Amino acid sequence: MTDLKKEIEVYDRPMYMDLKPEKPLKADESDEILQCKTWDAEAALRMLYNNLNPKVARNWEELIVYGGSGRAARNWKEFHKIVRALKELEPDETLCVQSGKAVYIAPTHTEAPRVIIANSNLVGNWATQDCFDDLDRLGLMMYGQMTAGSWIYIGTQGILQGTYESFAASGKMDFNSDSLAGKFILTGGMGAMSGAQPMAATLNDAVILDVEVNKAEIARKVEEDYCDRLTTSLDEAIEWALEAKKKKEPLSIGLVGNAAETHPELVKRGIIPDIVTDQTSAHEVKKYVPIGYDKNYTELLDSGVKIREGEYVRESFKAMASHVKAMIDMQTKGAIVFDYGNAIRNQVELALEMVNNRAPLANNMTGEDVADLKQHLKKIGLTSVRNEQGGYAFPGFVLKYVRPLFCEGKGPFRWACLSGNAKDLSAIDDALLSTFSDDKPLTRWIDRVREKVPILGLPTRICWLGYGERAKFGLIINDLIKDGTVTAPVVIGRDHLDCGSVASPSRETEGMKDGSDAIADWPLINFALNGINGASWVSFHHGGGVGIGKSLHAGMVVVADGTPERAKRLQRVLTIDPGTGVARHVDSGYDKAIRIAEERKIKIPK
């Protein structure tokens, strides 16, 4: 019998840990349907298991895939219910999943999605972290992040190309160079997603110093060959970084430390990197680790440490403020600084609002906590995270580098080979290189990741493709399955971070040309269109990437199985999915999107 009260004390939510499998999870690898009645349901089941493969997930035992507490299912009781439902699902039925819980098997039709997922969605006035946390503790919701709760996470590789492209864009835009050789990047975070930063930097020939509080996270990325070196010494890290910078040799360094301490120290020493960014887990204030701690709030509870929630949150806000102040100082001293969408600017702005009585107290903070926080902000001299024009003191990466790609309908297209056969992945890579041989950045990307990126779980690949390119290549994958070159169906999906599937005013839709940053109609249109056009499963989430109350976003997956019928669905889904992105940017007045729509005959009402 599960002791839910005890579990809430330990995990901050009911988890039904007595139902946790004895052995770690691993997706089936076969060219045959093994457990379900259709390939779509089989694919959903395998991707759910793959999300929780220990080589892929951050903490499979607690169902946490990545991004703080982004989970694949609400708890182990509900996980098993989802698995049973997928195995029993008929070809003309659709499983409805509400925040990680199977709630309804709907009679639909064979071309409808086999699964519809909604995660973390709350009505406007209730869309706060405190309200969400209360419902999470009651076992009524879960945080699905973006691809955790929609079962299309592919490990660190999933963010690797986006980070790689952002660093490459910095080279072109900020340094007028196709290479970052001789440039020094400073960042924080080396978890499941942020762990892409070291390799993304060295693929661009840069030196990177990545600060992470958890030594085990760095060790894991070193073992996976995403990071070159680990050290606990700031002095040693600086020596390595400056030496490699001088020699113009690529090098990635993981430093065990807290960015709230190391970054101000670098400013104090006058060591100013060329580029500064951040991917620490700041979207949930209780996931950002304060100075003096080596675990986040939930991990502390799990380890038996008792700490008052308001005290931890106060210290987390203080640390984030010191971190952001150092980033602003580095920008003032000449560094190129950009936010990488983890909401750290939002959190520090919230802290400033609280101490000035313009926002309610967060997470059971007391008046004494706020007074202490106010004193800290005064001590470090931080009064605002905004510039004189009203924008953030340093921009987000989408606003600075990625929006031109979004105007082309370009974004993080990805696939997973359900056979588990690495030769299938290689065959698709070969087809990609042949199909887009004139796209030099793309071919360079594939050549490099084939050599550098390890296969973790099912064989997967990510590749940014635009409007027209996605549908074209989806059909090519389908043909490879049809003729037997690829031995089993292939899951095709994307991140929710895409051109037309997200509303996130501090990340994907920051600084839109027409001021439409917060308009969330677009991801709803995207979600609906993918569903009615025959995606295998679709999802609509709240709070991914930047936290509760700060984003709404949609996901889609479509399975290529080699049949003519599936080719029609692939053509439809992989056309309208990026098509909504081009339309969204046309509507906002971007000249490039308008030109792309005209050139590619995308119908925009006049």
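Quantities reported herein were computed from a predicted structural model and do not represent experimental measurements.
- A salt bridge between Lys423 and Asp429 is absent, with no side-chain N of the basic residue lying under 4.0 Å from a carboxylate O of the acidic one.
- Under the rule for a ring-ring contact (aromatic ring centres under 6.0 Å, His included), the partners of Trp445 that lie at least two apart in sequence or sit in another chain are Tyr164.
- Inspection of the Gln571 and Thr575 side chains reveals an N or O donor paired with an N or O acceptor under 3.5 Å.
- Side-chain contact annotation: Thr163 with Gln197, donor-acceptor N/O pair under 3.5 Å absent.
- Screening residues 451-503 for ring-ring contact (aromatic ring centres under 6.0 Å, His included), with sequence neighbours left out, gives Trp415-Phe473, His496-His541, His496-His553.
- The aromatic rings of Phe540 and Phe527 lie perpendicular to each other, with more than 60° between the two planes, well past the 30° mark.
- Ion pairing between a basic and an acidic side chain is recognised when a charged N comes within 4.0 Å of a carboxylate O; Arg403 and Glu508 show no such pairing.
- Residues Glu165 and Lys172 are not paired through a salt bridge, judged by the lack of any N-O separation under 4.0 Å between the basic side chain and the carboxylate.
- Crowding of Asn176 atom CG: a count of heavy atoms from other residues, nucleotides or ligands under 6.0 Å not exceeding 12.
- No salt bridge links Lys472 with Glu469; every basic N to acidic carboxylate O contact stays at or beyond 4.0 Å.
- The shortest heavy-atom contact between Pro489 and Val559 is CB-CG1, 3.9 Å.
- Between Arg566 and Asp40, at least one side-chain nitrogen of the basic residue sits less than 4.0 Å from a carboxylate oxygen of the acidic one, meeting the salt-bridge criterion.
- If you check the side chains of Asp517 and Thr509, you find no donor sitting under 3.5 Å from an acceptor.
- When the options Val491, Thr460, Leu425 are evaluated for a side chain to side chain contact (heavy atoms under 4.5 Å, CB included) with Cys417, the one that passes is Leu425.
- In summary, the side chains of Asp495 and Tyr153 do not present any donor paired with an acceptor at a separation below 3.5 Å, with no hydrogens or angles considered.
- Between the side chains of Arg584 and Ser588, at least one donor N or O sits under 3.5 Å from an acceptor N or O.
- Using a 4.5 Å cut-off on side-chain heavy atoms (C-beta onward), Asn478 and Asp561 make contact.
- For the pair Leu480/Ile428, a side-chain contact is recorded, criterion being any heavy-atom separation below 4.5 Å from C-beta on.
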Would Lys221 and Asp210 count as a side chain to side chain contact (heavy atoms under 4.5 Å, CB included) if you check the C-alpha gap in whole Å, the side-chain angles of each, and the deciding distance to 0.1 Å?
-> CA-CA 11 Å; Lys221 291 305 167 190; Asp210 192 341; over 6 Å; no
Check the pair Thr277 / Val337 against side chain to side chain contact (heavy atoms under 4.5 Å, CB included), numbers first and verdict last.
-> CA-CA 6 Å; Thr277 186; Val337 180; over 6 Å; no
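- Qualifying side-chain hydrogen bond (donor to acceptor under 3.5 Å, both in side chains) partners for Asp498, counting only residues two or more places apart in sequence or in other chains: Arg470, Arg494.
- Ion pairing of Arg345 with Glu510 is present here, as a side-chain N (NZ or NE/NH1/NH2) and a carboxylate O approach within less than 4.0 Å.
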Show your working on salt bridge (Lys or Arg N to Asp or Glu O under 4.0 Å) between Asp174 and Lys400 and close with a plain yes or no.
-> CA-CA 10 Å; Asp174 302 318; Lys400 188 168 175 61; 3.5 Å; yes
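- Heavy atoms of other residues, nucleotides or ligands lying less than 6.0 angstrom from CD of Glu599 number more than 12.
- Remark: Tyr392 engages no residue in a ring-ring contact (aromatic ring centres under 6.0 Å, His included) (not counting sequence neighbours).
- For the pair Thr280/Ile344, a side-chain contact is recorded, criterion being any heavy-atom separation below 4.5 Å from C-beta on.
- For the residue pair Ser419 and Asp31, no side-chain donor N or O sits within less than 3.5 Å of a side-chain acceptor on the partner.
- Salt-bridge annotation for Glu29 and Lys26: present, with a side-chain N of the basic residue lying under 4.0 Å from a carboxylate O of the acidic one.
- Remark: Arg229 is positioned above the aromatic ring of Trp240, its terminal NZ or CZ atom under 6.0 angstrom from the ring centre and at most 45 degrees off the axis.
- Taking 4.0 Å as the cut-off between side-chain N and carboxylate O, Glu224 and Arg220 count as a salt-bridged pair.
- Of the residues Phe406, Tyr340, Phe167, Phe338, the one that meets the ring-ring contact (aromatic ring centres under 6.0 Å, His included) test with Phe397 is Tyr340.
- In this structure a side-chain-to-backbone donor-acceptor pair under 3.5 Å is missing from Ser426 to Ala422.
- Of the N and O atoms on the side chains of Ser30 and Asp28, not one donor lies less than 3.5 Å from an acceptor on the other residue.
- The ring-ring contact (aromatic ring centres under 6.0 Å, His included) check on Phe184 picks up nothing, with sequence neighbours excluded.
- Every residue two or more places apart in sequence or in another chain that forms a side-chain hydrogen bond (donor to acceptor under 3.5 Å, both in side chains) with Asn530 is listed here: Asn526, Asp577.
- Salt-bridge formation is detected for the pair Asp274/Lys245: a Lys NZ or Arg NE/NH1/NH2 atom is positioned less than 4.0 Å from an Asp or Glu carboxylate oxygen.
- A donor-acceptor contact closer than 3.5 angstrom is absent between the side chains of Ser170 and Lys183.
- Residues Ser536 and Arg569 bring no donor and acceptor atom of their side chains to less than 3.5 Å of each other.
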